[in-house]
S.K.: 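Structure in C-alpha cells, see below.
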Protein chains: 4
Amino acid sequence: MSSDIPPRRPGRPRSEQADEAILRAARELILEFGVQSFSMDMLALRAGVSKPTIYRRWGTKEELLTDAIGYASEQTVIPDTGDALLDLRQLLEQMLGSLEERFGGKIASAHKMIAGIIDSQQSLQQYEENFIRPRRKAYREIIQRGKRSGQIREDADEETLIDLVSGSYFYCLLFKPQEMTSGQWLQQVWRLLEDGIGKLRT
Amino acid sequence: MSSDIPPRRPGRPRSEQADEAILRAARELILEFGVQSFSMDMLALRAGVSKPTIYRRWGTKEELLTDAIGYASEQTVIPDTGDALLDLRQLLEQMLGSLEERFGGKIASAHKMIAGIIDSQQSLQQYEENFIRPRRKAYREIIQRGKRSGQIREDADEETLIDLVSGSYFYCLLFKPQEMTSGQWLQQVWRLLEDGIGKLRT
Amino acid sequence: MSSDIPPRRPGRPRSEQADEAILRAARELILEFGVQSFSMDMLALRAGVSKPTIYRRWGTKEELLTDAIGYASEQTVIPDTGDALLDLRQLLEQMLGSLEERFGGKIASAHKMIAGIIDSQQSLQQYEENFIRPRRKAYREIIQRGKRSGQIREDADEETLIDLVSGSYFYCLLFKPQEMTSGQWLQQVWRLLEDGIGKLRT
Amino acid sequence: MSSDIPPRRPGRPRSEQADEAILRAARELILEFGVQSFSMDMLALRAGVSKPTIYRRWGTKEELLTDAIGYASEQTVIPDTGDALLDLRQLLEQMLGSLEERFGGKIASAHKMIAGIIDSQQSLQQYEENFIRPRRKAYREIIQRGKRSGQIREDADEETLIDLVSGSYFYCLLFKPQEMTSGQWLQQVWRLLEDGIGKLRT
DNA sequence: GATTAATCGAGACGGTACGTCGCGTCTTTCG
DNA sequence: CGAAAGACGCGACGTACCGTCTCGATTAATC
C-alpha cells in the first residue's frame, strides 16, 4: 500500500517505447555484430531513436551495454523444490539460460562483456549490485532451506560456500565454457562439497 | 656449427631498449587507466617511442596487450612442506606475489589486470597456457600428496577441487579483495572443503 | 462602445513579464557571448522561461534576435545649433549614446551588436528602416542647413556625403573603437571633407 | 638570398593536395548551399578528406570559413596607371571582383560572412590582419603616388582618407549592394573627396 | 669508405565512433 | 487555454582512437 513510487517529475515523461526499442536493438546488434563492433550510431539508427535520447538514459556506451546484456532487469526466481541441490541446479541453469538467451548460444563470447564490466570500477560495482547481490541472496536462501531440510550441515559457513560455487561458476565459464552446458559441472561440484575432502569422512 | 643466432638481417637492428620501454609503459598504463582506456597513442607517448615502432613489433593492440600482461616467462615453484594445506597456501601466496611483482604491489587493482587478461580471447588463451595450466599442475601435485598423507580423501575429484579453489580465488580477488590478503579466506575455504557440507558428517 | 481592447481570447493570457524577461535576457546574452554563440536553450534558462513560451511569441531564432536588437522604438532628435559641424557631432554622439544605453555602455563590444544586426537579413532590413533611414534623414537636414549657412558647398552630393560619414563611422567603430570616443575622429573627418583632397584647392 | 623559410618540421609534412581540396570544396559548398547550411561533415565528404585532417589545419569551422571565403591568400596587386583615381578604382574593382567570384555573383549574401567575421573578436582580428591591413597598405601607396603626381593635396591625412573610402565601401556593401556594382559609387565618392565640401572652394 | 637496407622519431592521414549541443516540436501536468 | 518542464528527431560539432603512410635522420652490415 505504500505508493511512494511515482513522484511524477514535471515535464514530458520519457518514452517507454524508446527504452524498449533501445534495449531490444542493442541486444540485436550485439548478437549480430558482437560487442566490439557495437556502435551507438548504429544503435540509434536501428532503434529508430536519436542519439541524445539514448544518452539521456545512459551516460555512456559502457553503462548501456551493461544494462543491455545485463542483468539489471533480470528478475531472479528462487526455485523451491524441497531439494536444495535441485534448487541450486535450477538457479544455475537459470543463469546459464539467461546468458545463452542473451548471447544467442555463444557463451564463449561472454568473456568480452565480463572484461568490460570488470575493467571499470563503476561498472563492476553496478554489476555487483544488480547481478551478484541478488544471486547471492538466492543462494543464501537455498542454503538455509538446505540446512533446515538437513541436506546441509548447520555450521557450514554460508558466505564461503557461496564464494566457492559462484567463483568456480565464473572460472569455468571463462576457462572451460564447453563443460558448463553439460550439467556435469554442477554435479561434480555438489558431490565434492557434500562429501568434503577430509579423510575422516568415511 | 649450426648457429642459433638468427640470420642477422641487414639494416639497422631493432632497438631492445624500445621493446622494454614499450612493455613497461604498457603495464603502467593498464594499471593507471585500465584496459578499456588503454590507447596506442598514449603508449607511444609514454614509452618515448613512435607508433610505427610499436606496430613493427606487434601487429595489433591485442597482441601487444597479450604480451604486456603475459605470463609467458612465469616459472612455478611447487612448495612441499609435508602439509597440503600449507603448500596450498604458499602456492596461492606465490600467485598473489606474482601479481604484485608484475604490477607494482597494488592487489586492489587486480581487477584491471584480470580484465586485461579476459579482454582478449588471445590473451586469455595465452594466460591459460602459461599461467593457469602450470598452476593447476602444481595444485594437482599438492592434492595428490595430500591424498597420500591422508589430509584429503582418496576419491575427491581433483579437477573439481581445483576449480573450486581457483575459482573462488579469482572471484574474491574481484569482489572482496580486502579479505584476500588477511589469509582468512583460505582458512575458511579449507575448513569448509575439509568438512564438507553434508549433514551426515557429524 | 467599440472597445479597442483586443477580442480577449479565452484561456490564460500571455504573461507580459515573460516578454520583457526574454528580451532583456537576449540582450544580455548577445553582449556576453556574441550572436554566433547565442542559443535559444541558454536564453530560456537565463530568462527563467520555457522554450515553448519563447516560440509562442517568435517563430524563429532570427525573428527574436531582430526584435531583441531591434531599434524599433528609437526616436531621433535632430540637433540644431546653427553650426552644421556641431550638429553632426551631436547626432553622432546620440547614436553612440543609443548603443551605450541599449547595451550597457560598453562601446568596445559594439562589434557584437553590429554583428547581430548584420547576421540576419531580416534584422538588417529592420535596422535599415528603423535606425538608418531616420538618421540619414537627420543627416540630410543638417547638411542642407550647412549649405544654407555656407559651411557646405551647394553642389556637394548629399547622399554620397552621408555614405562617407556613416560608413567611416561604423568602420572605425569596428576597427578602431578607442579612437571613436575621443572625438578626434569626427574632427579629422570633417577637416578632410571640408578641404577636399584636390591639389588645386590651396 | 635569405633562405630561412624552410625550418622543415620533422614528421610527415601536411599534404598540399588536402589543403587545396578542402578550400576548393568549401567554396563549392558555400556557393551551392550558402554559409548557413555549410557543414564540416559534408565538407570532409566532398573534399575526400577526413574531418581530423580539416581540424588539423583550422581549429574551428569559423576559421575555415574565414579562410575559404577570404581573403587570406588573396594577393593584392597594387595597380599603377599613373592616375591615382584610376588606380583606386581598379583596386576597388579588384575587391568587388573577388567577392563576386567567391560568392558567385551574389554580393548581397556577403553580409552573412561579414557578420560571422565580426562576431568573434578573434576572427575580426584575423580578418583585419589578412584582408584589411594589406588593402590599407595598397590604398596608402596609391594615395602617396597621388600626392606626388599632384592629384591629391600634400597635407590630406592619409589614414582618415582611407577610413572614409573603406568605411563607405563596407557600408554600401551592406545597405545598398545593388549600387556598388555599377561603378557610380566610386565616381561620386571621388568627386566629393576631390572637391571637398567647403564653400571657399569655388 | 661508400652503399644499402632496415630502423628510428615525428607526425599526418582515412575511417569510424564518441559524447555534446543546438533548433524547433511535442507531450505532460499545473494554473 | 497558457506556462513550466523537459523529452524528442535531426543533424552538426569537435575529439579520440586505430592502423597506415610518409618524411628526414640514424645505424649497422655489406660491398
S.K.: Name the closest nucleotide to the B/Tyr55 side chain, picking from E/dT28, F/dC8, F/dG19.
M.R.: F/dG19
S.K.: Which nucleotide in the list E/dT16, F/dC21, F/dC18 gets nearest to the side chain of B/Lys61?
M.R.: F/dC18
S.K.: Give a yes/no answer on whether the side chain of B/Arg12 brings an N or O atom under 4.0 Å of OP1 or OP2 in E/dG9.
M.R.: no
S.K.: Could you tell me which residues satisfy side chain to side chain contact (heavy atoms under 4.5 Å, CB included) with D/Arg56, sequence neighbours excluded, listed by chain and number?
M.R.: D/Arg14, D/Pro52, D/Thr53
S.K.: Which heavy atom of B/Ser50 sits nearest to which heavy atom of B/Ala44, and what is that distance?
M.R.: C-CB, 4.3 Å
S.K.: Please report the interatomic distance CZ(A/Phe38) to CD(A/Glu32), rounded to the nearest 0.5 Å.
M.R.: 11.5 Å
S.K.: Rounding to a whole Å, what distance do you find between C/Leu65:CG and E/dC23:C1'?
M.R.: 13 Å
S.K.: Could you tell me how far apart B/Ile54 (CD1) and E/dG11 (P) are, to the nearest whole angstrom?
M.R.: 15 Å
S.K.: Please work out which residues in residues 37-49 of chain D have a non-hydrogen atom less than 4.0 Å from an atom of DNA chain F and list them by number.
M.R.: D/Phe38, D/Ser39, D/Met40, D/Asp41
S.K.: If the cut-off is 4.0 Å, is A/Arg14 near the phosphate of E/dC26, judged by side-chain N/O to OP1 or OP2?
M.R.: no
S.K.: Could you tell me how far apart B/Glu16 (CD) and E/dC8 (P) are, to the nearest whole angstrom?
M.R.: 11 Å
S.K.: How many angstroms lie between CG in C/Leu64 and CD1 in C/Ile54, if you round to the nearest 0.5 Å?
M.R.: 7.0 Å
S.K.: To the nearest Å, give me how far apart CD (D/Glu63) and C1' (F/dC13) are.
M.R.: 14 Å
S.K.: Is the shortest side-chain N/O distance from B/Thr53 to OP1 or OP2 of E/dG9 below 4.0 Å?
M.R.: yes
S.K.: For a 4.5 angstrom cut-off between non-hydrogen side-chain atoms, does A/Thr60 reach A/Tyr55?
M.R.: no
S.K.: If the condition is salt bridge (charged side-chain N to carboxylate O under 4.0 Å, His left out), which residues does C/Glu128 pass it with, not counting sequence neighbours?
M.R.: C/Arg133
S.K.: Whole-Å distance between E/dG11 P and D/Arg56 CZ?
M.R.: 12 Å
S.K.: Got A/Lys61 and A/Leu43 here, is their nearest side-chain heavy-atom distance under 4.5 Å?
M.R.: no
S.K.: May I have the distance from A/Ile22 (atom CD1) to F/dA7 (atom P), rounded to whole angstrom?
M.R.: 13 Å
S.K.: Between the base of F/dG11 and the side chain of A/Lys51, is there a donor and acceptor pair under 3.5 angstrom?
M.R.: no
S.K.: Return the value, rounded to whole Å, for the distance between atom CZ of A/Phe33 and atom P of E/dT16.
M.R.: 14 Å
S.K.: Closest to the D/Ser15 side chain: F/dA28, E/dC13, E/dG24?
M.R.: E/dC13
S.K.: By nearest nucleotide on DNA chain E, pick out whichever of A/Glu62 and D/Gly11 is the more 5' one.
M.R.: D/Gly11
S.K.: Tell me the interatomic distance from A/Leu29, atom CG, to E/dA17, atom P, rounded to whole angstroms.
M.R.: 11 Å
